Amino acid sequence: MMTRVFITILIALFPLTAYGELSIRIFARTKPVTVVFTPDNGVYLLSDGQHGDVRILPGETVAVTRHAGRVIYMTLSGISGVADSLTFTPAGSSSVFRLRAPARNEAVKTLDGLLKIKSFPGSLQIINVTSVESYLPGVVRAEAGKYGPPDYFKAQAVVARTYVYRNAGRHELDGYNLCDDTHCQVYLGLISELPIIEACRATAGKVLIDRDSMLIVPAFHGNCGGVTASSADVWLAGYPYLVSVNDPWCGYSASSVWKKSLPMNDWNSFLRTKGIKPGEEAVLYSPPGSKPVRVMNRTVQGKSITSEEIRLRFDLRSAYFTLTPAGDSLTVSGRGYGHGVGLCQDGAKAMAEKRVTYDKIITFYYPGISITDIKNARRPVRP
Ligand SMILES: [Zn+2]
Ligand SMILES: [Zn+2]
């Protein structure tokens, strides 16, 4: 009863269609101090908030740099100025531009919609205002890869769209919806792969909801190793649709069953950093061929040690493994790739190849959920 009351308080009552527009912080990971803007297609109007708009033609460049808490801009034709913030507005509906960060290791991004740039402590804050549907293909391409059958991409598109609407308030205090890095969802900008664009278009507006019409937590991972994990085990937060499911589909992949050998010296120094004396850790080991435990949490000499800590330290594909000493090395026998919760990408791809449709793929991995239009969904105030 208490939980129910609590959940009701957290439900937003305003319509979600307000989020058809989406603002994304671009280059959020490398935070450049200089960027170069170039219209690719169509004319852009540059406004510095003080003078009249400057028309920027296709192929023309505008360099923008942070200086003393403000932004300096200079066009190729020699127009320059200093401002608190800049706005690049498309003059036509098909306007597209490219954005580069010359001093940063970032790929050029092709974007549409509006661009706002202002000075931020230590960097520029670059915000792209676009639409959810125009943003999605560049996320699906980053999260699902380049190759796959149409229903695999459709499943990923609905998952990514659900994530966007559920988490649109994530950077509310920063003044935008989502960042373009792994913290939210990696956004590559506009892409050219037609199968992905088509999969997003074919599922436009569709999202995943639970029995209370609430947008779900659309967790996914690379490969589950034959059985998906329940979120209650991995994250200590249970959802009725993030439960363990036996997956007969993903065994074909090299990520399904794997082995790695760790030098015993490295392992011993790891144990010491955990305050454990090497030689006393037998409780962590299993005989060869044992079934792995999804989330191992053991106590050795009064110190707790988890499979997730071991995964992070040794860069393992998952935290689903057994450890077996083998002379001067330690054999890690593992399954799967990623956290194992929700949709298994390798399994989803195999199902789609066997002509299972995206709605069946989704309900296989998230039991009990429904696919609906965003206008029928509710969003928690705090994701
Ligand atoms: Zn973020
Ligand atoms: Zn799987």
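Read the numbers this way: they start at 1 and go in the same order the structure lists the ligands and their atoms. Heavy-atom basis, side chains included; hydrogens, waters and symmetry copies ignored. Since the structure is predicted, the reported quantities are computational estimates derived from the model, not experimental observations.
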Hey, can you tell me if Tyr285 and Trp267 have their rings parallel, tilted or perpendicular (30° and 60° cut-offs)?
->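 Rings of Tyr285 and Trp267: tilted, as their planes differ by 30° to 60°.
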
Out of Lys303, Arg298, Lys274, which one pairs with Glu309 under the salt bridge (Lys or Arg N to Asp or Glu O under 4.0 Å) rule?
->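 It is Lys274; the other options fail the test.
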
Which value, rounded to the nearest 0.5 Å, describes the distance between Leu262 atom CG and Asp328 atom CG?
-> 12.0 Å

Interatomic distance, Leu271 atom CG to Leu330 atom CG [nearest 0.5 angstrom] | 9.0 Å

Same cluster or not: are Ile126 and Val129 linked, directly or through other Ile, Leu, Val, Met, Phe, Trp or Tyr residues, by side-chain heavy atoms under 4.5 angstrom apart?
->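 In one cluster with Ile126: Val129, no.
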
Closest to the Zn ion (ligand 1), among the N/O/S atoms of His171, is atom NE2

Tell me which N, O or S atom of His183 sits nearest to the Zn ion (ligand 1).
->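 Per the distance ranking, His183 contributes ND1 as its closest N/O/S atom to the Zn ion (ligand 1).
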
Please find the N/O/S atom of Asp247 nearest to the Zn ion (ligand 2) and write down its name.
-> OD2

Could you please compute the angle at the Zn ion (ligand 1) from SG of Cys179 to SG of Cys184, rounded to 10°?
-> 110°

Once rounded to 10°, what is the value of the angle centred on the Zn ion (ligand 2) between Cys344 SG and Cys224 SG?
-> 120°

